[in-house]
2 protein chains.
Amino acid sequence: MSEENFEQEHQKALYNLKAELPNDESLAAMVNIFKAFGDMTRVKIILALAETPLSVGEIADTLNMSQSSISHQLSVLKQLNLVSNARRGRNIHYRLSDQHIITIFRQTQEHIIEDENDF
Amino acid sequence: MSEENFEQEHQKALYNLKAELPNDESLAAMVNIFKAFGDMTRVKIILALAETPLSVGEIADTLNMSQSSISHQLSVLKQLNLVSNARRGRNIHYRLSDQHIITIFRQTQEHIIEDENDF
DNA sequence: TTTATATATGAATGGTTGTTCATATATTCA
DNA sequence: TGAATATATGAACAACCATTCATATATAAA
């Protein structure tokens with residue numbers, strides 16, 4: 001393709017972009033999920049729940065963190081429908097609401113690994 | 001499986017978890033990428049660059065944001081090796097460094113869509 | 001070389017967010 | 001019922017972060 005055609009195509013793409021970019025509202029859901037994944041505590045909670053359902057206390061113990069902190073973070077994850085909970089005896093057990101999440105994590109790890117190979 | 005066996009398995013899983021959870025260092029790379037995705041401006045930049053390479057000014061214009069703001073965010077994305085840049089004439093063009101990123105976005109959208117179907 | 005243009009960068013600021021502390025709520029056990 | 005245990009929640013604080021503003025840098029054009 002000639003340089004002029006390239007530039008012409010580029011201008012067309014640029015013109016379309018402004019109209020076709022998703023609006024804030026439809027992006028917000030995705031951004032909020034990524035925000036949730038952008039915290040080490042929440043990621044660890046998710047990775048732990050990927051192995052087995054756990055009570056709040058068990059998570060706090062496993063991650064060596066306060067019960068309150070874990071509870072706060074679980075409520076964040078729950079609001080985003082990333083986890084669900086159910087009482088079991090005197091505890092409340094949390095579980096991942098969707099195995100999709102782990103797929104996303106794996107994909108991201110792959111990106112990182114391929115990135116490291118660039119050096 | 002009996003209730004006792006279930007509990008026994010659970011305790012074993014719990015015991016293993018603490019040892020097998022990735023440590024902070026190895027999780028940090030992933031968390032940092034998700035942090036980068038957890039901002040609407042950066043997500044829009046990425047979605048725009050997924051269509052075509054763009055100069056800083058073109059991005060700023062497309063997103064209706066200041067040049068400075070876009071430049072700051074591009075430097076965040078660059079540090080994470082999510083984008084790369086190259087001078088082209090008097091502009092500097094940015095491009096996605098890896099199409100993997102879009103796959104992750106798509107995966108997340110799917111999660112959201114399946115989630116909506118639960119109601 | 002001077003001027004204009006494109007991008008980068010540092011400091012300041014307002015807003016967001018993760019943790020802690022104290023306490024409320026809810027359920028089980030005695 | 002009363003005591004003990006597990007979890008949730010609100011307020012406060014510190015740390016972090018996105019944008020703006022002013023300005024520096026770098027390249028291209030005249």
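The shown structure was predicted, so the numbers you read here are calculated from the model rather than taken from an experiment. Letters A, B, ... are given to chains in the order of the sequence lines, protein chains preceding strands, and every chain is numbered from 1.
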Atom [atom1] of [X] and atom [atom2] of [N]: how far apart are they, to the nearest Å?
{"X": "A/L63", "N": "C/dG18", "atom1": "CG", "atom2": "P", "value": "15 Å"}
{"X": "B/H93", "N": "C/dA6", "atom1": "NE2", "atom2": "P", "value": "11 Å"}
{"X": "B/Q79", "N": "C/dA8", "atom1": "CD", "atom2": "P", "value": "13 Å"}
{"X": "B/K35", "N": "C/dG18", "atom1": "NZ", "atom2": "P", "value": "9 Å"}
{"X": "A/F37", "N": "C/dT17", "atom1": "CZ", "atom2": "P", "value": "16 Å"}
{"X": "A/I59", "N": "D/dA8", "atom1": "CD1", "atom2": "P", "value": "9 Å"}
{"X": "B/L77", "N": "C/dT7", "atom1": "CG", "atom2": "C1'", "value": "16 Å"}
{"X": "A/N85", "N": "D/dA8", "atom1": "CG", "atom2": "P", "value": "7 Å"}

With a cut-off of less than 4.0 Å, is there a side-chain N or O of [X] near OP1 or OP2 of [N]?
{"X": "A/T41", "N": "C/dG18", "value": "no"}
{"X": "A/R87", "N": "C/dT28", "value": "no"}
{"X": "A/Y94", "N": "D/dA8", "value": "yes"}
{"X": "B/N91", "N": "C/dT7", "value": "yes"}
{"X": "A/S66", "N": "C/dT20", "value": "yes"}
{"X": "A/Q73", "N": "C/dT19", "value": "yes"}
{"X": "A/R42", "N": "C/dG18", "value": "yes"}

For B/S55, which contact category applies under a 4.0 Å heavy-atom criterion: base, sugar-phosphate, or nothing?
sugar-phosphate
Categorize A/S75 for me: base, sugar-phosphate, or nothing, with a 4.0 angstrom heavy-atom threshold over every strand shown.
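The residue A/S75 makes no contact with any strand.
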Hey, does A/I45 have a side-chain heavy atom less than 4.5 Å from the side chain of A/Y94?
no
Mind checking whether B/R88 and B/N91 have side chains closer than 4.5 Å, heavy atoms only?
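No, every pair of side-chain atoms sits at 4.5 Å or beyond.
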When you match A/G38 and A/Q67 each to their closest nucleotide on DNA chain C, which lands nearer the 5' end?
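Counting from the 5' end, the first nearest nucleotide belongs to A/G38.
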For A/H111 and B/D98, test the side chains for any donor-to-acceptor distance below 3.5 angstrom and give the result as yes or no.
yes
First locate atom CZ of A/R106, then atom CD of B/Q107, and finally report the distance between them rounded to the nearest 0.5 Å.
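Separation between the atoms: 10.0 Å.
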With a 3.5 Å distance limit and no angle check, can you tell me whether A/N32 reaches the backbone of A/A28 through a side-chain donor-acceptor pair?
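Present.
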For the side chain of A/E58 and the backbone of A/S55, is there at least one donor-acceptor N/O pair under 3.5 Å apart?
yes
Of all the choices, [options], which nucleotide is nearest to the side chain of [X] once you look at every atom?
{"X": "A/S71", "options": "D/dT7, D/dT20, C/dT20", "result": "D/dT7"}
{"X": "B/M65", "options": "C/dT5, D/dT19, C/dT7", "result": "D/dT19"}
{"X": "B/R90", "options": "D/dA28, D/dT7, C/dG18", "result": "D/dA28"}

Aromatic ring of A/H72 stacked on base six-ring of C/dT19, 5.5 Å, 30°:
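Ring-base stacking flag not set for A/H72 and C/dT19.
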